[in-house]
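Here is the structure we will look at.
Chain A is the first sequence line, chain B the second, and so forth, proteins listed ahead of strands; every chain is numbered from 1.
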Number of protein chains: 2
Amino acid sequence: MSLKHALLGMLADRPGSGYELTKRFELSLGNVWSAKHSQIYPELQKMTGLGWVTAGEEGARGRREYTITDDGRAELREWLTAPHRDRNVRNESMLRAFFLWTLPPDDAVRYLEGEADGYRAARASLDALDAGIPWDSSGSDLMGRIVLEQGRQWVDTMAEWADWAAGQVRAGHDATTLDLRRRP
Amino acid sequence: MSLKHALLGMLADRPGSGYELTKRFELSLGNVWSAKHSQIYPELQKMTGLGWVTAGEEGARGRREYTITDDGRAELREWLTAPHRDRNVRNESMLRAFFLWTLPPDDAVRYLEGEADGYRAARASLDALDAGIPWDSSGSDLMGRIVLEQGRQWVDTMAEWADWAAGQVRAGHDATTLDLRRRP
DNA sequence: GGAGGCATGTAAATGGTTACATGATTGG
DNA sequence: CCAATCATGTAACCATTTACATGCCTCC
């Protein structure tokens, strides 16, 4: 049930309409969580029912601005501090990698090289995103930039891994002869 | 629609029943993709309808073994080699991190330190998994171990990041004064 | 006046989790 | 004989995506 909390978190910074929240997902938060407007609008209505947000007057073009309530802030704090054990990972590129042994080695190497390129492209767009944001000294910008840095380290690590993996497959290694070089 | 392909990939190695496939998700594949038996059984039936697998005779305790067909192998190859652009990431811990600025700094630091510990624990269990598998020279073991290595690098990178992030918050940095040390 | 962006919604379908339900076999 | 594990399934619910649907407002 993270969508509600993602919306609460965004509204804790400043009030916004469903449309604006959709844009915030697309522009910044989308790198860690995504949602479409068709899910966001009904969710905001449910959250109004729960008393976590209040809907403002209908403005131009039917615009309706939502504001977080004290109950909403309490719920957000609860979600942030409660222990959470479920590391539910879903990584489709790794799932594919798992089955690359069913392909001729050349095709497997091509896949892994393509992945490495994909990660390098992702790195470039994270850099562009970083450079394009006029970071200020607010708390939300601090955590935004720290999370962005996480994305950068993640794609770098994955690009390195994909290069390494392609090399191992190209060299004809098997699971017992892998060269498991670790970072110092 | 990755579940079908995950099942195809596992059956490409060797035939298996729904129960066994569920176990394979729990024991090895679960680190990159997960599924419950309640989703797997109906899916195998659909795949039989598509001609991607064939169901064997009903054995003891109603056990039914599924075997991948040539059509199934073709579909798997197609899925592995077709270009895929959608990097649809969903990372709930990072989503939380994004909103840590709403907490008192001490609580934010505690969260990040807890994350670092969680990643170190994950590292230990990946090491145990690796040590417990009698890797052989098969192609499936090669890719299995390469993917496991990815998991190891991922959790190491994340533990380092969480330590760094906790330090930055503890030191009272803001987005304009972050110490963005990069790996050499 | 038309294009593009602002703005909101619903419906249908798919994907996934939790809970319910049942029974056979094996090993201690 | 009892517990654990093997083995399969369905139903209800929740989450997510895709497609359908509408209309306003601003700028060129």
Expressed in angstrom and rounded to an integer, what is the separation of [X] atom [atom1] from [N] atom [atom2]?
X       : N      : atom1 : atom2 : result
A:Ile40 : C:dA7  : CD1   : P     : 14 Å
B:Leu44 : D:dA7  : CG    : P     : 14 Å
B:Glu92 : D:dA15 : CD    : C1'   : 13 Å
B:Glu26 : D:dA7  : CD    : P     : 13 Å
A:Arg64 : C:dC6  : CZ    : C1'   : 16 Å
A:Glu58 : D:dT22 : CD    : P     : 18 Å
A:Leu7  : D:dT16 : CG    : C1'   : 14 Å
B:Glu20 : D:dT5  : CD    : P     : 16 Å

| task | Could you tell me which residues satisfy salt bridge (Lys or Arg N to Asp or Glu O under 4.0 Å) with B:Arg14, sequence neighbours excluded, listed by chain and number? | result |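 B:Arg14 satisfies salt bridge (Lys or Arg N to Asp or Glu O under 4.0 Å) with no residue once adjacent residues are dropped.
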
With sequence neighbours excluded, what pairs up with B:Glu65 under the salt bridge (Lys or Arg N to Asp or Glu O under 4.0 Å) test?
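B:Glu65: salt bridge (Lys or Arg N to Asp or Glu O under 4.0 Å) contacts with B:Arg63.
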
Counting primed atoms, P, OP1 and OP2 as sugar-phosphate and everything else as base, the B/S/- map of nucleotides 21-28 of chain C against protein heavy atoms under 4.0 Å is --BBS---

| Under the ring-ring contact (aromatic ring centres under 6.0 Å, His included) test, residues paired with A:Tyr111 that sit two or more places apart |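 With sequence neighbours excluded, A:Tyr111 shows a ring-ring contact (aromatic ring centres under 6.0 Å, His included) to B:His84, given in chain and number order.
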
- [ ] Only counting residues at least two apart or in another chain, list the ones meeting ring-ring contact (aromatic ring centres under 6.0 Å, His included) with B:Trp33.
- [x]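 Per chain and number, B:Trp33 pairs via ring-ring contact (aromatic ring centres under 6.0 Å, His included) with no residue.
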
Would B:Asp130 and B:Trp135 count as having a side-chain donor-acceptor pair, cut-off 3.5 Å?
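The answer is yes; a qualifying pair exists.
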
Using a distance-only test with no angle check, is there a side-chain donor-acceptor pair under 3.5 angstrom linking B:Glu92 and A:His5?
->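 No pair is found: no donor N or O on one side chain lies under 3.5 Å from an acceptor on the other.
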
Exercise for the section: Would you mind classifying the nucleic acid contact of B:Gln45 as base, sugar-phosphate or nothing, using non-hydrogen atoms under 4.0 angstrom? Expected result: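 The answer is sugar-phosphate, as B:Gln45 gets under 4.0 Å only of primed atoms, P, OP1 or OP2.
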
Distances under 3.5 Å only, N/O to N/O: pair up the protein atoms with those of nucleotides 15-17 of chain C.
| unit_1 | atom_1 | unit_2 | atom_2 | d |
| --- | --- | --- | --- | --- |
| C:dG16 | OP1 | A:Arg90 | NE | 3.3 |
| C:dG16 | OP2 | B:Gln39 | NE2 | 3.1 |

Please tabulate, for side-chain N and O atoms in residues 44-62 of chain A, each donor-acceptor pair with protein atoms closer than 3.5 Å (sequence neighbours left out).
| unit_1 | atom_1 | unit_2 | atom_2 | d |
| --- | --- | --- | --- | --- |
| A:Thr48 | OG1 | A:Leu44 | O | 2.8 |
| A:Glu58 | OE1 | A:Arg64 | NH2 | 2.8 |

Whether A:Asp70 and A:Arg73 form a salt bridge (side-chain N of Lys/Arg under 4.0 Å from carboxylate O of Asp/Glu) is what I want to check.
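A salt bridge is absent here (no side-chain N lies under 4.0 Å from a carboxylate O).
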
For B:Arg152, is there an ion pair with B:Glu149 - N to carboxylate O distance below 4.0 angstrom?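 Counted as a salt bridge, because a side-chain N and a carboxylate O are separated by less than 4.0 Å.
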
Relative orientation of the end axes in the helix from C:dG1-D:dC28 to C:dG28-D:dC1, expressed as an angle to the nearest 10° (five pairs per end):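 That helix has its two terminal axes inclined by roughly 20°.
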
Return all side-chain donor-acceptor pairs below 3.5 angstrom for residues 169-177 of chain A, not counting sequence neighbours, or 'none' if the list is empty.
| unit_1 | atom_1 | unit_2 | atom_2 | d |
| --- | --- | --- | --- | --- |
| A:Arg170 | NH2 | A:Glu113 | OE2 | 2.7 |
| A:His173 | ND1 | A:Thr177 | O | 2.8 |
| A:His173 | ND1 | A:Thr177 | OG1 | 2.9 |
| A:Asp174 | OD1 | A:Thr176 | N | 2.6 |
| A:Asp174 | OD1 | A:Thr176 | OG1 | 2.6 |
| A:Asp174 | OD1 | A:Thr177 | N | 3.4 |
| A:Thr177 | OG1 | A:Asp174 | N | 3.0 |
| A:Thr177 | OG1 | A:Asp174 | O | 3.3 |

Ignoring hydrogens and geometry, is there a side-chain-to-backbone donor-acceptor pair from B:Thr157 to B:Gln153 under 3.5 Å?
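Flag set: sc B:Thr157 to bb B:Gln153 pair under 3.5 Å.
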
_Side-chain donor or acceptor of A:Arg145 paired with backbone N/O of B:Leu178 under 3.5 Å_ =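 Not confirmed, A:Arg145 side chain does not pair with B:Leu178 backbone.
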
Any A:Tyr41 side-chain N or O less than 4.0 Å from OP1/OP2 of C:dG9:
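Negative; the distance criterion is not met.
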
Side-chain polar contacts of residues 136-144 of chain B - donor-acceptor pairs under 3.5 angstrom, sequence neighbours left out - could you list them?
| unit_1 | atom_1 | unit_2 | atom_2 | d |
| --- | --- | --- | --- | --- |
| B:Asp136 | OD1 | B:Ser138 | N | 2.7 |
| B:Asp136 | OD1 | B:Ser138 | OG | 2.6 |
| B:Ser138 | OG | B:Ser140 | OG | 3.4 |
| B:Ser138 | OG | B:Asp141 | N | 3.2 |
| B:Asp141 | OD2 | B:Asp136 | N | 2.7 |

**Message:** Short of 4.0 Å, heavy atom to strand atom, which residues of residues 71-83 of chain A count as contacting DNA chain C?
**Reply:**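 Result for residues 71-83 of chain A: none.
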
Residues which pass side chain to side chain contact (heavy atoms under 4.5 Å, CB included) with A:Ala159, listed by chain and number, not counting sequence neighbours:
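If we apply the side chain to side chain contact (heavy atoms under 4.5 Å, CB included) test to A:Ala159, skipping adjacent residues, the hits are A:Tyr119, A:Arg120.
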
